[in-house]
Amino acid sequence: MRVISKRQRMMQYVLLVLALIITLFPIFWIVMTSLKTSQETMEYPPKIFPRSIQFGAYVSVWREKNFLLYFKNSTIVSLSTTLVCMLLSTLAGYGFSRFNFRGSKTLFMFILMTTMFPAVLMIIPYFLMMRTIGLLNTYLAYVLSYTSFSLPFATWMMKGFFDSIPREIDESGLVDGCNWFSAFWRLCVPISGPGVASTAIYSFLLSWNHYLFALTLTTKQSRYMLPVGIASLVGEFWVDWGVLMAASVVAMMPTIVFNIFMEKYLVRGMTAGAVKG
């Protein structure tokens, strides 16, 4: 067994601290800028800390910039997309993992290959399709689009998790009187907690942060999602950086809370035992 010296361990800690600083400093700068006045945000050279903490930018975001409406739109779309993607990817991943039908490998690779196409190539077809069936400016257009983007990769993740679960668990359920769906729902889904949590996090982040389709599939401000709402704060001749940074902080908080909330399920699923020895 290789022994790590104190110097090597110290170097690891130093590298971790540097990586943490590089990762968190932009977020720290955003938060500090959101607490400054408009005059302070335009000072040169810029200062990291504000002279006095001001919450006027947050008040402006919630009262004057329709961000409560944008926040509601993003929450409805992201949670709906996450639930649909979790349900479909779990069923599809279990099916590809447990049933070997003719052409299953080809179909699975085809589904996975759809993630190779850049989203920008799909803008015009999606827009024309949604306009033809009358779904522009609706939540359903967002949910269908984001689900189609996240579902292939989520299915691949869930298949990997189900492949790691011994088939003996399914077979023991079938012996005890379960059908395939009961074995899937009662035995395999609880064990696949890490996969379900990872799928939920992936789907939520994709739908919450996606800008291109959120801009394309709506022509009404009442259906703007947060990324489009934040972009609308950038004026032609003037940018209120304090308000812009405050809006960015508001947009970041749900993703942080969602990750913290799902983390315990992720850890619980990873530590849960499937077979008693």
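Residue numbers count from 1 along this sequence.
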Can you classify the ring geometry of Y146 versus H210 as parallel (below 30°), tilted (30 to 60°) or perpendicular (above 60°)?
tilted
For the side chain of N137 and the backbone of T219, is there at least one donor-acceptor N/O pair under 3.5 Å apart?
yes
Do we see a donor-acceptor contact under 3.5 Å between the side chains of Y94 and S192?
no
Can you see which heavy atom on M158 is nearest to which on T199, and at what distance?
SD-OG1, 3.4 Å
Name all residues meeting the side-chain hydrogen bond (donor to acceptor under 3.5 Å, both in side chains) criterion together with Y202; count only those two or more places apart in sequence or in a different chain, and write none if there are none.
none
Any donor-acceptor pair under 3.5 Å linking the side-chain atoms of Y224 with those of T218?
no
Any donor-acceptor pair under 3.5 Å linking the side chain of S207 with the backbone of F204?
yes
Do E40 and K47 meet the salt-bridge criterion of a basic N to acidic O distance under 4.0 Å?
no
Can you say whether the rings of F213 and Y126 are parallel (under 30°), tilted (30 to 60°) or perpendicular (over 60°)?
perpendicular
Check: W62 ring centroid to Y70 ring centroid under 6.0 Å:
no
Between D170 and P166, which heavy-atom pair has the shortest distance, and what is it?
OD1-O, 3.6 Å
Output yes when a side-chain donor or acceptor of S80 lies under 3.5 Å from a complementary backbone atom of V77, and no otherwise.
no
Residues at least two apart in sequence or cross-chain that pass ring pair (Phe, Tyr, Trp, His ring centres under 6.0 Å) with Y13, listed by chain then number, are none
If the plane angle is over 60° it's perpendicular, under 30° parallel, otherwise tilted; pick one for F184 and F162.
tilted
